[in-house]
Amino acid sequence: MAQFVPRRSFGVPSSVPKSYFLGHHHAAVSKLKTVLSRISLVIECRDFRLPLSTHNPILEKAVSGCPKIIVYTKHDLGSDSPGARQLLQKLHGRRALFWDKNHPSTTASLLKRLKETAYEVDSITGLCALIVGMPNVGKSTLLNALRSTGTTGRTTKVAKTGDQAGVTRKIGTSVRVVEPEERGGVGAGVYVLDSPGVFLPYVEDGETMIKISLVQGIKKGLIPDEILADYLLYKMNLWDPHLYHRYCSPTNDIHEFLLAVAKRDGKLKAGGVPDMGESAARVLSEWRKGKLGKYVLDDLSDEALQRHELMAASPPVSLNQGKKAWKEQRKENNA
Ligand SMILES: Nc1nc2c(ncn2[C@@H]2O[C@H](COP(=O)(O)OP(=O)(O)OP(=O)(O)O)[C@@H](O)[C@H]2O)c(=O)[nH]1
Ligand SMILES: [Mg+2]
């Protein structure tokens, strides 16, 4: 049998949008600047599966001047890429932490860091930290975990969470995550503020938009599920085609793959016709649960890191240009 050869590149359809900069993203950036005077530490969350694509330089600029740590969230969903964590740790040193909502020890490590910072700040009003990041990276989930681990008897959620972009719309009120200490230095305790996810004003390449859509960082349906599933097939073939062996043997053909998914799940319609949209949605749901490999999607080669650094140093467009680009994109889509 001929050896399977995966696609070496992915042809991004021209219909893929390059912007998703909503009014409330713009408003959140302005609002963040007004709360900074009370903040001693910024906790910037990035999705571990997209360490570069969920880094938002605009957001970073809005909170510049404030000490910052980077929390790579959803570590559990990228754990098959072992080199990635080491590389990021080397890149950021002590500034980076890796978090997984299912591993309480990762929440405890972050709480320890917050307490250390509180001792350093040594303020009688305690420490106030601000959580920022792109939409759906897990900011509110992190706040809830910090609160339920760090304080006693508070197990209910204070922040609403959900597996879609745009769940949090406003900067919340501060939430206590570490109780005050009479002696020992965390003063009045540690408090954390949650904030709405802020998207990049403009994304230069459609592939980044596809990746962000795969991790649900933009509205569902903006990029059709079949395109996302095709991209995922392309990536799985590069990681390990065996990942989907329960459906079919290695293929580069998305229709063949989705047909196999429909057949295996007993979802063929009358006449043996598959519902491609339903199969694609099923594939995405499986991958998002980590059942089709837990790999980092971003390329972390030296070249990609350098390219990303250049982009971050001078983002392609300003906030206002981003808002305009999104409006134009919407007009085009509605035409
Ligand atoms: N597997 C896994 N899922 C996580 C983790 N952290 C958060 N999630 C899930 O990610 C989704 C988004 O979480 P949220 O906390 O609402 O994300 P957010 O950043 O506050 O989103 P916005 O408010 O929309 O910007 C939810 O379905 C969470 O259950 C994690 O460490 N591992
Ligand atoms: Mg939220």
Side-chain angles (χ1 to χ4, degrees), residues 20-29 31-32 35 42-51 53-56 58-59 62-63 70-81 84-85 88 96-111 129-149 155-175 177 192-200 211-222 284-297:
Y20 181 63
F21 196 60
L22 310 180
H24 83 264
H25 296 162
H26 194 269
V29 175
K31 184 80 185 157
L32 284 177
V35 298
V42 168
I43 303 172
E44 190 206 321
C45 295
R46 301 182 192 171
D47 189 317
F48 181 58
R49 294 166 295 176
L50 291 180
S53 306
T54 57
H55 167 215
N56 186 342
I58 294 285
L59 201 47
V63 297
I70 302 166
V71 174
Y72 284 102
T73 56
K74 311 194 186 186
H75 181 252
D76 52 314
L77 296 175
S79 53
D80 291 341
S81 295
R85 178 179 174 149
L88 294 169
L97 283 105
F98 298 83
W99 186 70
D100 165 2
K101 71 169 181 175
N102 304 307
H103 267 91
S105 64
T106 60
T107 307
S109 299
L110 180 53
L111 278 167
L130 172 69
I131 304 187
V132 301
M134 295 266 281
N136 199 48
V137 292
K139 301 176 294 299
S140 304
T141 309
L142 177 65
L143 170 68
N144 290 331
L146 286 170
R147 178 174 178 264
S148 62
T149 308
T155 48
T156 50
K157 279 185 181 181
V158 273
K160 195 172 156 201
T161 63
D163 62 352
Q164 53 186 295
V167 173
T168 308
R169 289 301 174 108
K170 288 201 167 123
I171 297 185
T173 47
S174 57
V175 171
V177 300
V192 174
L193 275 178
D194 190 12
S195 68
V198 173
F199 201 77
L200 294 150
K211 288 189 282 188
I212 296 175
S213 186
L214 267 173
V215 303
Q216 296 165 295
I218 61 173
K219 192 171 131 195
K220 180 174 164 46
L222 206 58
L284 299 181
S285 161
E286 290 289 282
W287 178 74
R288 286 168 181 151
K289 285 186 237 157
K291 291 185 180 171
L292 283 168
K294 299 172 180 179
Y295 286 88
V296 169
L297 283 162

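Just so you know, ligand 1 is whichever comes first in the structure, and atom 1 is the first atom listed for that ligand.
- Numbered from 1 in the order shown, with element, the atoms of ligand 1 that lie under 4.0 Å from a heavy atom of K139 read 15 (O), 17 (O), 18 (P), 19 (O), 20 (O), 21 (O), 22 (P), 25 (O).
- The distance from ligand 1 to the heavy atoms of D76 drops below 4.0 Å at these ligand atoms: 1 (N), 2 (C), 30 (C), 31 (O), 32 (N).
- The shell of residues lying under 4.0 angstrom from ligand 1, judged by heavy atoms, includes Q164.
- Under a 4.0 Å criterion applied to the non-hydrogen atoms of G197, ligand 1 contributes the atoms 25 (O).
- For ligand 1, none of its N or O atoms has an N or O atom of S195 under 3.5 Å away.
- Atoms of ligand 1 lying under 4.0 Å from any heavy atom of A165, numbered from 1 in the order shown and given with element: 24 (O).
- Below 4.0 Å from some heavy atom of L77 lie the following atoms of ligand 1, by number and element: 1 (N).
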Q.
Apply side-chain hydrogen bond (donor to acceptor under 3.5 Å, both in side chains) to residues D100 and T106 and explain how you reach the verdict.
A. CA-CA 6 Å; D100 165 2; T106 60; 5.8 Å; no
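- Between I171 and D194, every side-chain heavy-atom pair lies at or beyond the 4.5 Å cut-off.
- Considering backbone and side-chain atoms together, K74 places an N or O closer than 3.5 Å to an N or O of ligand 1.
- The shortest distance between side-chain heavy atoms of L297 and L214 falls below 4.5 Å.
- On a distance-only criterion, M134 and ligand 1 share no N/O pair closer than 3.5 Å.
- Taking OH from Y295 and CG from D80, the interatomic distance works out to 5.0 Å, rounded to the nearest 0.5 Å.
- The Mg ion (ligand 2) has an N, O or S atom of S140 under 2.8 Å away, backbone or side chain.
- Close approach of ligand 1 to G166 (heavy-atom distance below 4.0 Å) involves ligand atoms 24 (O).
- Residue N136 does not count as close to the Mg ion (ligand 2), with no N, O or S atom under 2.8 Å.
- Within the 4.5 Å cutoff, the side chain of R46 has heavy atoms near those of the I70 side chain.
- Proximity to N136 (heavy-atom distance under 4.0 Å) selects the following atoms of ligand 1: 11 (C), 12 (C), 17 (O), 18 (P), 19 (O), 21 (O), 22 (P), 24 (O), 25 (O).
- Atoms of ligand 1 lying under 4.0 Å from at least one heavy atom of P135, given by number and element, are 25 (O).
- Separating the NE2 atom in H75 from the NZ atom in K294 is a distance of 11.0 Å, to the nearest 0.5 Å.
- In this structure, R288 does not pair ionically with E286, as no charged nitrogen and carboxylate oxygen lie closer than 4.0 Å.
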